[in-house]
Amino acid sequence: MSEHGSVPLEFVEYGPAEMAERSRSFYEDMLRRRSVREFDERPIPRGVIERSLRAAGTAPSGANMQPWHFVVVSDPETKRRIRALSEEAERGFYEERASEEWLRALEPLGTDASKPFLEEAPALIVVFTENHSVDERGEKHKTYYPMESVGIATGVLITALHLSGLATLVYTPAPMGFLREVLGRPDTERPFLVLAVGYPKEGCTVPSVDRKPLERIATFVDPEGEDRR
Ligand code: IYR
């Protein structure tokens with residue numbers, strides 16, 4: 001027995017038919033998730049955001065350090081500042097730093113330096129990575145694999161919001177150090193990305209894109225002669 005204690009695992013096993021149905025239904029739900037760049041200004045339920053953040057906080061993390069912090073911004077003045085500083089960073093990107101190849105890759109998305117969604121979306125969730133975590137006693141601990149951990153937690157967050165009926169956009173201004181100053185976060189944290197959240201604007205359109213087929217995104221190394229299930 002570990003000196004740190006353990007508890008029985010709560011695990012739900014489904015029969016094969018229910019398992020297949022659950023995975024099919026989840027996949028169909030996820031197929032409808034799209035990055036939305038035009039938001040309705042209607043407010044969104046705070047409880048849904050809080051539960052989605054709790055869900056994100058269940059993500060696995062290096063040495064269980066849970067190296068994430070989420071700042072939920074609905075204050076119009078703070079959103080306005082984030083928009084102004086983001087657009088300034090984007091002008092530098094689109095007019096100077098971006099390579100021709102990068103700009104070509106972005107063409108189908110139709111993006112430019114203008115970021116109205118940062119004010120229109122009722123909430124911006126700014127995700128921070130903790131390079132050090134501070135525990136309840138105020139003691140500092142190094143975190144492990146913080147990027148991987150926060151990436152996984154953000155995936156859970158996006159999924160939770162989508163399945164609750166809200167749209168999101170992952171937004172990464174470059175450089176984004178200003179987010180730490182604007183939101184008063186400590187220097188043990190680094191901004192990871194901004195997640196704009198809300199209802200899509202009426203009549204909203206999204207780029208027509210397709211998803212790579214399974215054969216291109218996955219390889220199965222099966223024993224020879226094994227039946228596929
Ligand atoms: N940050 C810029 C550029 C941009 C970069 C990638 I990679 C995208 O997938 C989309 C946009 C912008 O947001 O316009």
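In each ligand, atom 1 is the first atom listed, and ligand 1 is the first ligand listed.
By the 4.0 Å N-to-carboxylate-O rule, Lys201 lies too far from Glu41 to be salt-bridged with it.
Following chains of ILVMFWY side-chain contacts shorter than 4.5 Å, one can reach Val170 starting from Phe70, so the two form part of one hydrophobic cluster.
Listed by chain and number, Glu90, Phe93, Tyr94, Trp102, Leu106, Leu109, Thr111, Asp112, Lys115, Tyr171, Thr172 each place a non-hydrogen atom less than 4.0 angstrom from ligand 1.
For Phe93, the ring-ring contact (aromatic ring centres under 6.0 Å, His included) partners at least two apart in sequence or on another chain are Trp102. Qualifying ring-ring contact (aromatic ring centres under 6.0 Å, His included) partners for Tyr199, counting only residues two or more places apart in sequence or in other chains: none.
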Let me have the donor-acceptor pairs involving side chains of residues 49-59, under 3.5 Å, with sequence neighbours excluded, atom names and distances please.
residue	atom	partner	partner atom	Å
Glu50	OE2	Arg46	NE	2.9
Ser52	OG	Val48	O	2.8
Thr58	OG1	Ala55	O	2.6

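Between the side chains of His162 and Asp29, no donor-acceptor pair is found at a separation under 3.5 Å.
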